[in-house]
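Encoded as structure tokens, the structure appears first; notes follow it.
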2 protein chains.
Amino acid sequence: MELAEAKQKFIEAWGKLGSEWGINRTMAQVHALLLISPEALTTEEIMEALSISRGNANMNLRDLIGWGLVEKQHKAGERKEYFFADKDTWNIARQVAKERKKRELDPVLRVLDELSKVKGDEKDIEYKTFNKSVTDINKLAKNVDKTLETMLKAEENWFWGSIFKIFK
Amino acid sequence: MELAEAKQKFIEAWGKLGSEWGINRTMAQVHALLLISPEALTTEEIMEALSISRGNANMNLRDLIGWGLVEKQHKAGERKEYFFADKDTWNIARQVAKERKKRELDPVLRVLDELSKVKGDEKDIEYKTFNKSVTDINKLAKNVDKTLETMLKAEENWFWGSIFKIFK
DNA sequence: TTAAACTTTCAATAAGTTTTGAAAGTTTAA
DNA sequence: TTAAACTTTCAAAACTTATTGAAAGTTTAA
């Protein structure tokens, strides 16, 4: 396979995976493009490479910066802004985990805690079923939360090393 | 808070979380409704509880069965079909992990394996950057894959027990 | 200042996804 | 058989999300 074709496939695969996980396809594609690009790119170059409009490119770059996955760079003597992606896979994974935890898991944990506290008649099967499901899910969500917390603090080697020690 | 209100909140929160993670909001809501329902429900009752059409209810129930999260039940002497959700949180988590692995991770792993094999000039910085990003991501994805495999086989207590032994 | 170079915004539009509901299909019991 | 009870399908409509591109905003250098 040609390098050019391979790059295209990578960008497509990353975009598809993103959209399956609730991340804007174009944002994932811009990220993919920057991941395989040795140099920082301009908005112009990104528009060209992905055939997208200026507004779209700008908005998704902003979002990627918001996710902590991409940084602006300035080159001496140049007006243009350049964009560069952190290429460290472990940093990327942690950054994504951190943002999604903050945006999605934390709010849901707050609701589950609140719902766990709802009191009712222990004889009422409707109440009992509700309460059991909610508290069970709350426990699982808290476990996930703790694991993510640990992951956010961890060094890559330590983290996977520990996981694999368990898993033989 | 009233039980009725709490149920409503749970259904909404579950639906919102689902849609943020690329799962049809209504499907997640139907699942939530069944999770807190002590008895199996008919299509009719689900339509009523969530104010959705017959077609929509039917389609999402089909999908939930496809995800292995819901089962059809037949009651003696009744024509109607009843639907019932597995309430075991660990089973739910494993089932979702299993399906998403199959539908999303496995295909992406195949692409990454293929792209990892692309040969090129080691002096070409374009090639080197592409290759490093792809092989790094491939390694991470394989770690995730192995961890999921283990999780799919594991007993709940064993799994979380082991995880927390590490994470103190 | 000014104006060129560049970035951001946002209303309009396009694209994608979900939902509806009526028609077609299936099953059951008499 | 038949017809009532129920389930499934699917084209059209509604809704949601993403994209465009031109106008407005900002920065820089002369």
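Order of the sequence lines fixes the chain letters, A, B, ..., with proteins taken first and strands second; residue numbering starts at 1 for each chain. All values below were derived from every heavy atom in this structure, side-chain atoms included, with hydrogens, water molecules and symmetry-related copies excluded.
Rounded to a whole Å, the CE atom of A/M27 is 15 Å from the C1' atom of D/dT17. One interatomic measurement links the two molecules: CE of A/M59 to P of C/dA11, which rounds to 12 Å at whole-angstrom precision. Rounded to a whole Å, the CG atom of B/L61 is 13 Å from the P atom of C/dT19.
A donor-acceptor contact under 3.5 Å links the side chain of A/R79 to the base of D/dT27.
Remark: A/N24 is in phosphate contact with D/dT19, judged by side-chain N or O atoms under 4.0 Å from OP1 or OP2. An OP1 or OP2 oxygen of C/dT27 is reached within less than 4.0 angstrom by no side-chain nitrogen or oxygen of B/K80. Contact annotation: B/N56 side-chain N/O to C/dT20 OP1/OP2 distance is under 4.0 Å. Side-chain N/O atoms of B/T26 include one lying less than 4.0 angstrom from OP1 or OP2 on C/dT19. An OP1 or OP2 oxygen of C/dT8 is reached within less than 4.0 angstrom by a side-chain nitrogen or oxygen of A/N58.
Comparing A/F83 and B/G77, the nucleotide of DNA chain C nearest to each residue sits closer to the 5' end for A/F83.
When both distances must be under 3.5 Å, the Watson-Crick or G-U wobble mate of C/dG25 is D/dC6. Summarising the base pairing, C/dT1 is matched to D/dA30 through a Watson-Crick or G-U wobble pair whose two defining distances lie under 3.5 Å. Base pairing analysis places C/dT18 opposite D/dA13; the two distances defining the Watson-Crick or G-U wobble pair are each below 3.5 Å.
Taking the charged nitrogens against the carboxylate oxygens, A/E114 and B/K9 do have a contact shorter than 4.0 Å, which makes a salt bridge. The residues A/K7 and B/E126 are annotated as salt-bridged, a charged nitrogen and a carboxylate oxygen being separated by less than 4.0 angstrom. Taking 4.0 Å as the cut-off between side-chain N and carboxylate O, B/E20 and A/R103 do not count as a salt-bridged pair.
At least one donor-acceptor pair under 3.5 Å links the side chain of A/R94 to the backbone N or O of A/A154.
Out of C/dT8, D/dA18, D/dT8, the shortest distance to the side chain of B/R62 is found at D/dT8.
The aromatic rings of B/W90 and B/F159 lie tilted to each other, with the angle between the two planes from 30° to 60°.
As judged by a 4.0 angstrom heavy-atom cut-off over every strand, B/S19 is placed among residues making no nucleic acid contact.
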